[in-house]
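Note that ligands are numbered from 1 as they come in the structure, with each ligand's atoms numbered from 1 the same way.
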Amino acid sequence: MGGEAEKWVLMVTARTPTNIAVIKYWGKRDETLILPINDSISVTLDPSHLCTTTTVSVSPSFDQDRMWLNGKEISLQGGRFQSCLREIRARAQDVEDKKKGIKINKEDWQKLNLHIASYNNFPTAAGLASSAAGLACLVFSLAKLMNLKEDNSQLSAIARQGSGSACRSLYGGFVKWCMGKEENGSDSLAVQLADEKHWDELVIIIAVVSAQQKETSSTSGMRDTVETSALIEHRAKEVVPKRITEMEGAIQNRDFATFTRLACTDSNQFHAVCLDTYPPIFYMNDTSHRIISCVEKWNRAEETPQVAYTFDAGPNAVMIARNRKTAALLLQRLLYNFPPQSDTDLDSYIIGDKSILQDAGIKDMKDVEALTAPPEVKDKIPTEKSKGDVSYFICTRPGGGPVVLSDETHALLNPLTGLPK
Ligand SMILES: Nc1ncnc2c1ncn2[C@@H]1O[C@H](COP(=O)(O)OP(=O)(O)OP(=O)(O)O)[C@@H](O)[C@H]1O
Ligand SMILES: C[C@@](O)(CCOP(=O)(O)OP(=O)(O)O)CC(=O)O
């Protein structure tokens, strides 16, 4: 180790996306290594709307590893953080910063302590996959700081040990997590099926139904399912393998009808195995069910499906529209059925890519109030409308993978002290 008076701080900042599974991971065959019972496939979400930013730093003056999440110090003692730190340190390489006069030999990383600060630009632990973006960003930024030689797929096998779904956030576009066969988990990693440009017509609208922390974590929920559900084995062995092959084909051919059928039925089956768990787990609520029925009615009324939906371990709906035109029509339907509370302004009700709102011809609350029932529900019993069931909507699209942010203004730690800014 070198450097003036050992006072130096070396740091790296990176940004990593979140992802939404369209063929779900649910159930482990190894709890510690986080090895799944089936393959899964996800779409990476555009980091401009949903992402984690993490700054990692090292200095001989740090006396222990420390981490701050969204400005609050959190413990790094948990087994999952420790696994990631151990696996990354074991692969660390020599690092030299000639400008700053710093030289770190690979053996030094075992003794040097780290400061880590991370920020999610969306609610943490609310079923929006914060753990996926968060753990992927931790692994990716540390790998850059410690000059690891591993590629993103090999890094995904480390991120997997922080949170299963995190391994899929090491790539943009469409990603497959191959469950692998090895007992040590070396082949349980993510591969990119197609990048975000491959199918760039898709538009994603997320209905944030509840930003509250959920009752049953994914980790304990899937453990209970594996222990008690009679259906989960059939799902993992018989259903998912066929769906994975079909979904890969649908993505390759941009076949929206097949994509929609697979994504919707797989989400529904995941929630069915949750219900088949004893005691049962309910992640969706009435609002989630009403969103499903709104989309299903519309899809059925059209010649070919317009929108796919999928729900993770929470009530929030992730809807994938075939293009901008259908996304605008979807937004009209959603605003008609789920208008904001009177004191909410439209600007904070629709966040992310607001241009979809313009496409839908909606400029203000008057336009929302003027929306009429879509044709597929005309002449039928009026749907119940309840303001405030949806907290807000996020408009986004498939997006790119992790990136290093070299501009120091993005750093979350002070470059002189290594403490949060
Ligand atoms: N930016 C981050 N950096 C490191 N760890 C994070 C970060 N964000 C979240 N986490 C970890 O993930 C935990 C939340 O994960 P949890 O699975 O409960 O919720 P979620 O990921 O938002 O939802 P879900 O996985 O069901 O979609 C946090 O308590 C924290 O330990
Ligand atoms: C429903 C899911 O979102 C479950 C995600 O589970 P986690 O990856 O959060 O679980 P752990 O591996 O225990 O950390 C489906 C999916 O993302 O594939």
Side-chain angles (χ1 to χ4, degrees), residues 14-45 50-56 67-72 74-81 83-85 116-142 159-169 175-177 179 188 190 206 208 210-226 240 263 266-267 269-271 273-274 281 283-284 310-316 318 412:
R15 191 185 71 178
T16 300
T18 172
N19 72 78
I20 177 77
V22 286
I23 301 292
K24 305 286 183 195
Y25 147 54
W26 195 251
K28 297 182 183 69
R29 62 179 202 277
D30 185 311
E31 290 273 340
T32 316
L33 287 172
I34 311 197
L35 301 177
I37 57 172
N38 57 254
D39 294 346
S40 53
I41 293 180
S42 59
V43 180
T44 298
L45 304 183
L50 292 160
C51 71
T52 293
T53 304
T54 301
T55 301
V56 290
M67 169 153 190
W68 293 264
L69 174 56
N70 299 327
K72 245 181 81 190
I74 61 163
S75 163
L76 279 171
Q77 288 317 305
R80 290 168 167 216
F81 282 127
S83 300
C84 291
L85 292 174
I116 302 163
S118 188
Y119 172 75
N120 300 326
N121 70 350
F122 61 94
T124 299
L128 289 172
S130 69
S131 55
L135 272 300
C137 206
L138 178 75
V139 169
F140 181 78
S141 50
L142 285 174
R160 189 201 74 227
Q161 299 177 54
S163 179
S165 52
C167 74
R168 297 186 310 240
S169 274
V175 185
K176 174 177 166 184
W177 174 9
M179 62 181 283
S188 186
I206 304 172
V208 179
S210 156
Q212 305 272 299
Q213 297 221 347
K214 63 195 170 207
E215 249 176 63
T216 314
S217 73
S218 305
T219 308
S220 71
M222 67 175 84
R223 186 185 305 131
D224 292 349
T225 301
V226 169
V240 175
D266 201 70
S267 169
Q269 188 177 73
F270 152 51
H271 291 276
V273 299
C274 288
I281 310 166
Y283 284 126
M284 293 196 285
T310 185
F311 294 73
D312 269 355
N316 305 330
V318 178
L412 302 172

Novice: If the cut-off is 4.0 Å to any non-hydrogen atom of R80, which atoms of ligand 2 fall inside it?
Specialist: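 Counting from 1, the qualifying ligand atoms are 11 (P), 13 (O), 14 (O).
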Novice: Here's a test for you: under side-chain hydrogen bond (donor to acceptor under 3.5 Å, both in side chains), which of T53, T52, T18 qualifies with N120?
Specialist: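 Considering T53, T52, T18, a side-chain hydrogen bond (donor to acceptor under 3.5 Å, both in side chains) with N120 is found only for T52.
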Novice: Roughly how far, to the nearest 0.5 Å, is OG of S83 from CG of L135?
Specialist: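 Going from the CG atom of L135 to the OG atom of S83 covers 10.0 Å.
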Novice: Which of the numbered atoms in ligand 2 are below 4.0 angstrom from a heavy atom of A313?
Specialist: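 Those of ligand 2 that fall under 4.0 Å from A313 are 1 (C).
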Novice: Any chance you could lay out the side chain to side chain contact (heavy atoms under 4.5 Å, CB included) test for K28 and T219, step after step, and finish with the verdict?
Specialist: CA-CA 9 Å; K28 297 182 183 69; T219 308; 4.0 Å; yes
Novice: Do any heavy atoms of F270 fall under 4.0 Å from ligand 2?
Specialist: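 A heavy atom of F270 does come that close to ligand 2.
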Novice: In Å and rounded to the nearest 0.5 Å, what is the OG1 to NE2 distance from T310 to H271?
Specialist: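 NE2 of H271 is found 6.5 Å from OG1 of T310.
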Novice: Within a distance under 4.0 Å of any heavy atom of A21, pick out the atoms of ligand 2 and give their elements.
Specialist: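 Those qualifying, in numeric order: 16 (C), 17 (O), 18 (O).
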Novice: Examine distances only and state if a side-chain atom of R160 and a backbone atom of I34 form a donor-acceptor pair shorter than 3.5 Å.
Specialist: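 Yes: the side chain of R160 pairs with the backbone of I34.
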Novice: Tell me which part of I34 gets within contact of ligand 2: side chain, backbone, both or neither, using heavy atoms under 4.0 Å.
Specialist: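 For I34, only side-chain atoms sit under 4.0 Å from ligand 2.
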Novice: Is it the case that T44 and N19 place a side-chain donor and acceptor less than 3.5 Å from each other?
Specialist: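 There is no such pair (donor and acceptor under 3.5 Å, judged by atom type) between the side chains of T44 and N19.
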Novice: With heavy atoms of S118 as the reference, note each atom of ligand 1 found under 4.0 Å away.
Specialist: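 The list of qualifying atoms is 1 (N), 2 (C), 3 (N).
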Novice: Under 4.0 Å from a heavy atom of T52: which atoms of ligand 1 are those, numbered in the order shown and with their elements?
Specialist: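 In order of number, 1 (N).
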Novice: Could you check whether any heavy atom of S218 sits closer than 4.0 Å to an atom of ligand 1, since that is the contact criterion I want to use?
Specialist: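 For ligand 1, residue contact (heavy atoms, under 4.0 Å) with S218 is present.
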Novice: Taking distance alone, with N or O pairs closer than 3.5 Å, would you say Y119 contacts ligand 1?
Specialist: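 Between Y119 and ligand 1 (N or O atoms, distance only) the closest approach is not under 3.5 Å.
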Novice: Is there a side-chain contact between V175 and S42 in this structure, where contact means two heavy atoms from C-beta onward sitting under 4.5 Å apart?
Specialist: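 Yes - at least one pair of side-chain heavy atoms lies under 4.5 Å apart.
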Novice: What distance separates S131 OG from R80 CZ, expressed to the nearest 0.5 Å?
Specialist: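 Going from the OG atom of S131 to the CZ atom of R80 covers 8.0 Å.
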Novice: Taking heavy atoms and a distance under 4.0 Å, where does L69 meet ligand 1: side chain, backbone, both or neither?
Specialist: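 For L69, only side-chain atoms sit under 4.0 Å from ligand 1.
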Novice: Ligand 1 and T54, any nitrogen or oxygen pair closer than 3.5 angstrom?
Specialist: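 N/O-N/O distance below 3.5 Å does not exist for this pair.
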Novice: Counting both backbone and side chain atoms, is some N or O of N120 under 3.5 Å from an N or O of ligand 1?
Specialist: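 Yes, since at least one N or O of N120 sits under 3.5 Å from an N or O of ligand 1.
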Novice: Quick one: does L138 get a heavy atom under 4.0 Å from ligand 1?
Specialist: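 The answer is no: ligand 1 sits nowhere under 4.0 Å from a heavy atom of L138.
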Novice: Starting at OG1 of T216, measure out to CE of M222 and round the result to the nearest 0.5 Å.
Specialist: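 Going from the OG1 atom of T216 to the CE atom of M222 covers 12.0 Å.
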Novice: Is the closest heavy-atom distance from R160 to ligand 2 below 4.0 Å?
Specialist: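 No; R160 lies far enough from ligand 2 that no heavy-atom distance drops under 4.0 Å.
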Novice: How about I206 and L50: do any of their side-chain heavy atoms sit closer than 4.5 Å?
Specialist: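 Side-chain contact under 4.5 Å: yes.
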Novice: Does S130 reach ligand 1 with a nitrogen or oxygen that is under 3.5 Å from one of the ligand's nitrogen or oxygen atoms?
Specialist: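 Yes; the residue has a nitrogen or oxygen that sits under 3.5 Å from a nitrogen or oxygen of the ligand.
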Novice: Which distance, rounded to the nearest 0.5 Å, do you find between the CZ of R15 and the OG1 of T55?
Specialist: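 Spacing of CZ (R15) from OG1 (T55) equals 13.0 Å.
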Novice: May I ask you to identify, for S40, whether its side chain, its backbone, both or neither come under 4.0 Å of ligand 2 on a heavy-atom basis?
Specialist: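 Neither part.
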Novice: Judged by atom type as modelled, is there a donor-acceptor pair below 3.5 Å linking the side chain of S163 to the main-chain atoms of A166?
Specialist: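 Checking the backbone N and O of A166 against the side chain of S163, no donor-acceptor pair under 3.5 Å is found.
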Novice: Could you tell me the residue and atom name of the protein heavy atom closest to atom 15 (C) of ligand 2, and the distance to it rounded to 0.1 Å?
Specialist: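 The answer is Y25 O, 3.3 Å.
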Novice: So, D312 side chain and G314 main chain: donor-acceptor pair closer than 3.5 Å or not?
Specialist: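 Such a contact is absent between D312 side chain and G314 backbone.
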Novice: Tell me the protein heavy atom at minimum distance from atom 17 (O) of ligand 2, and give that distance in Å.
Specialist: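 For this ligand atom, the closest protein heavy atom is R168 NH2, 2.7 Å.
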Novice: For S118 and L69, indicate whether the former's side chain and the latter's backbone hold a donor-acceptor pair under 3.5 Å.
Specialist: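 Checked: no pair found.
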Novice: Considering only heavy atoms of K28, which atoms of ligand 2 have at least one such atom less than 4.0 Å away?
Specialist: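 That gives atoms 11 (P), 12 (O), 13 (O) of ligand 2.
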Novice: For ligand 2, is any non-hydrogen atom under 4.0 Å from S218's backbone (N, CA, C, O), its side chain (CB onward), both, or neither?
Specialist: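 For S218, the contact with ligand 2 is made by the side chain alone.
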Novice: With a cut-off of 4.0 Å, which atoms of ligand 2 are near a heavy atom of M222?
Specialist: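 Going through ligand 2 atom by atom, the ones under 4.0 Å from M222 are 6 (O), 10 (O).
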Novice: Would you say A129 and ligand 1 have an N/O pair spaced under 3.5 Å apart?
Specialist: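 N/O-N/O distance under 3.5 Å: yes.
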Novice: What atoms of ligand 1 come closer than 4.0 angstrom to any heavy atom of M67?
Specialist: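 Here the atoms of ligand 1 in question are 3 (N), 4 (C).
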Novice: Under 30°, 30 to 60°, or over 60°: which ring-plane class applies to W26 and F270, parallel, tilted or perpendicular?
Specialist: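 Taking F270 first and then W26, their aromatic rings sit tilted (interplane angle of 30° to 60°).
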Novice: Does N316 form a side chain to side chain contact (heavy atoms under 4.5 Å, CB included) with V318? I'd like the steps, not just the answer.
Specialist: CA-CA 7 Å; N316 305 330; V318 178; 5.7 Å; no
Novice: Looking only at non-hydrogen atoms, which of S131, A166, S165 approaches atom 8 (O) of ligand 2 most closely?
Specialist: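 Considering heavy atoms of S131, A166, S165, the nearest to atom 8 (O) of ligand 2 sits in S165.
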Novice: As an exercise, identify every atom of ligand 2 less than 4.0 angstrom from a heavy atom of G164.
Specialist: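 What qualifies from ligand 2 is 8 (O), 11 (P), 12 (O), 14 (O).
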Novice: Output yes when the distance from some N or O of ligand 2 to some N or O of W26 is under 3.5 Å, and no in every other case.
Specialist: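 N/O-N/O distance under 3.5 Å: no.
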Novice: Would you mind telling me if ligand 1 is within reach of the side chain of F81, the backbone, both or neither, using heavy atoms under 4.0 Å?
Specialist: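 The side chain, only.
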Novice: Do any nitrogen or oxygen atoms of N19 lie less than 3.5 angstrom from nitrogen or oxygen atoms of ligand 2?
Specialist: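 Between N19 and ligand 2 (N or O atoms, distance only) the closest approach is not under 3.5 Å.
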Novice: Drop me the distance from I116's CD1 to T54's OG1, to the nearest 0.5 angstrom.
Specialist: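 It comes to 8.5 Å.
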Novice: Which atoms of ligand 1 are found less than 4.0 Å from any heavy atom of L135?
Specialist: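 Here the atoms of ligand 1 in question are 5 (N).
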